[in-house]
Amino acid sequence: MTAYAPDGALDLAAFRAHVCAGIDAGAAAVFACCGTGEFHALTPEEFTDCVAAAVEEADGRVPVVAGAGYGTALAARFARLAHEAGADGLLALPPYLVVADQQGLLRHYTELAAGTPLPVIVYQRDNAVFTPDTVAALARTEGIIGLKDGVGDLDLLQRIISTVRTESPDEDFLYFNGLPTAELTGPAYLGLGVRLYSSAVFAFAPEIALAFHRALNRGDDHTVQRLTDGFYRPLVELRNQGRGYAVSLVKAGVRLRGLEVGEVRPPLSEPAPAHVEELAGLIEHGLALVVDGPEAGV
């Protein structure tokens with residue numbers, strides 16, 4: 001999460017503390033200034049400061065992936081800033097506002113990749129939804145290493161994976177589950193061979209996120225179902241009660257766990273107090289499921 005002080009300014013000390021806490025808890029990578037990190041609300045200067053701070057705190061222990069978005073020119077500028085700040089990779093967010101055709105999307109991401117030495121993960125969601133042939137072309141593009149799927153159309157994703165495997169068999173292309181609460185659909189994505197995902201829950205409850213991740217990867221269906229039924233499904237139902245809750249509710253969760261990272265910036269709004277109270281109960285219940293479950297002590 002990007003942290004803000006009470007006056008709304010960037011709070012780099014809190015941001016650094018959150019990065020360190022995540023790495024110490026076992027994160028495999030740091031996603032800085034991406035969707036949940038309010039990329040849309042940051043100035044280029046704030047973006048640079050945050051990415052540089054994340055890189056410094058990571059200190060080579062895990063890679064730091066920075067967001068890049070808006071139109072092609074601005075996305076390329078943010079890519080340059082991320083590279084100068086020491087980032088290890090980019091998450092290419094959808095272009096701003098416009099709904100482009102496949103040719104235009106392909107040109108946007110290929111130009112972005114050509115303008116940076118950083119490896120690029122393309123985020124499929126909202127106004128950037130690709131045909132299988134477009135993703136195959138992206139997979140053949142130098143510098144583009146993967147696709148993060150935030151659409152959730154498993155039929156489309158299966159066709160994408162099959163097409164890339166057929167048309168670009170030599171490409172080591174990565175796939176990520178990028179839905180807002182990825183764990184809920186984790187078993188379904190795993191059925192397609194997609195093992196990688198970014199966890200918003202990890203931002204405020206790494207104990208729960210790691211317990212789920214271990215269970216999913218070792219085939220512990222009982223624990224996966226237990227955490228899904230007792231925590232993740234209720235969390236998604238709560239998240240769906242407000243616009244922007246995929247960010248603001250996560251930030252509220254971080255505050256509930258004791259790190260003051262401030263409120264979200266406009267145009268997002270804070271969750272309703274009753275929903276924050278419900279989130280507190282869900283976190284408590286989720287932590288109890290981990291402590292009482294078969295993964296306790298692991």
Side-chain angles (χ1 to χ4, degrees), residues 29-35 37 39-40 42-52 54-55 58 60 62-151 156-157 159-178 194 196 198:
V30 175
F31 282 74
C33 306
C34 296
F39 170 82
H40 67 276
L42 298 174
T43 67
E45 294 77 16
E46 290 173 327
F47 171 88
T48 301
D49 289 345
C50 279
V51 175
V55 170
V62 297
V64 173
V65 180
Y70 303 119
T72 308
L74 270 178
R77 181 183 176 190
F78 278 100
R80 287 193 298 272
L81 294 174
H83 180 238
E84 291 167 3
D88 300 290
L90 292 176
L91 179 65
L93 304 168
Y96 172 71
L97 190 60
V98 295
V99 179
D101 60 16
Q102 295 296 298
Q103 181 180 358
L105 288 171
L106 182 60
R107 182 180 175 189
H108 170 75
Y109 291 106
T110 53
E111 288 189 11
L112 175 60
T116 177
L118 296 177
V120 176
I121 300 166
V122 175
Y123 201 171
Q124 169 169 262
R125 59 176 295 169
D126 301 321
N127 59 328
V129 180
F130 309 108
T131 65
D133 287 339
T134 298
V135 179
L138 290 171
R140 293 191 296 269
T141 300
E142 184 176 357
I144 297 180
I145 65 166
L147 179 77
K148 184 177 181 181
D149 178 57
V151 175
L156 172 61
L157 186 57
R159 289 186 288 114
I160 286 172
I161 294 170
S162 175
T163 301
V164 172
R165 188 168 57 228
T166 302
E167 297 187 7
S168 306
D170 297 328
E171 301 298 333
D172 187 16
F173 202 62
L174 303 175
Y175 297 94
F176 299 79
N177 177 351
V194 178
L196 300 172
S198 56

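Along the sequence shown, residues are numbered consecutively beginning with 1.
What you find for Ala85 and Val51 is that their closest heavy atoms are CB-CG1, 3.7 Å. A pairwise comparison of heavy atoms in Ala54 and Val30 identifies CB-CG1, 4.3 Å as the closest pair. Leu90 and Ala82 get closest at one heavy-atom pair: CD2-CB, 3.7 Å. Shortest non-hydrogen contact noted between Leu196 and Tyr175 is CB-O, 3.5 Å. Across every non-hydrogen atom of Gly69 and Phe39, the tightest pair is N-CZ, 3.3 Å. Of all heavy-atom pairs spanning His108 and Gly71, the tightest one is CE1-C, 3.8 Å.
For CG of Asp101, the number of neighbouring non-hydrogen atoms (other residues, nucleotides, ligands) closer than 6.0 Å is greater than 12. Counting non-hydrogen atoms of other residues, nucleotides and ligands closer than 6.0 Å to CZ of Arg159 gives a total above 12.
Here the SG atom belonging to Cys34 is positioned 4.5 Å from the CG atom belonging to Leu91, to the nearest 0.5 angstrom. Between the CG atom in Leu138 and the OG1 atom in Thr110 there is a gap of 8.0 Å [rounded to 0.5 Å]. Taking CG of Leu81 as the start and SG of Cys50 as the end, the distance is 12.5 Å to the nearest 0.5 Å. Put simply, OG1 on Thr48 and CZ on Arg80 are 11.0 Å apart, with the number rounded to the nearest 0.5 Å.
Looking only at side-chain heavy atoms (C-beta outward), Asp149 and Ile160 stay at 4.5 Å or farther from each other. You'll find the side chain of Leu106 stays beyond 4.5 Å of the side chain of Gln103, heavy atoms only. Side-chain contact between Ile144 and Phe173 is present, with at least one heavy-atom pair separated by less than 4.5 Å. The side-chain heavy atoms of Leu174 and Ile121, taken from C-beta on, include no pair separated by under 4.5 Å. For the pair Leu105/Pro95, a side-chain contact is recorded, criterion being any heavy-atom separation below 4.5 Å from C-beta on. Side-chain contact between Thr72 and Arg107 is absent, with no heavy-atom pair separated by less than 4.5 Å. Looking only at side-chain heavy atoms (C-beta outward), Asn127 and Leu97 stay at 4.5 Å or farther from each other. Side-chain contact between Leu156 and Gln124: present, with at least one pair of heavy atoms (C-beta onward) separated by less than 4.5 Å.
Note on residues 113-137: pairs passing ring-ring contact (aromatic ring centres under 6.0 Å, His included), not counting sequence neighbours, are Tyr109-Phe130.
Evaluation of the salt bridge (charged side-chain N to carboxylate O under 4.0 Å, His left out) rule for Arg165 yields no partner, not counting sequence neighbours.
Looking at Tyr70, its side chain never comes within 3.5 Å of a backbone N or O of Ala76 through a donor-acceptor pair. Between the side chain of Gln102 and the backbone N or O of Thr131, at least one donor-acceptor pair lies under 3.5 Å.
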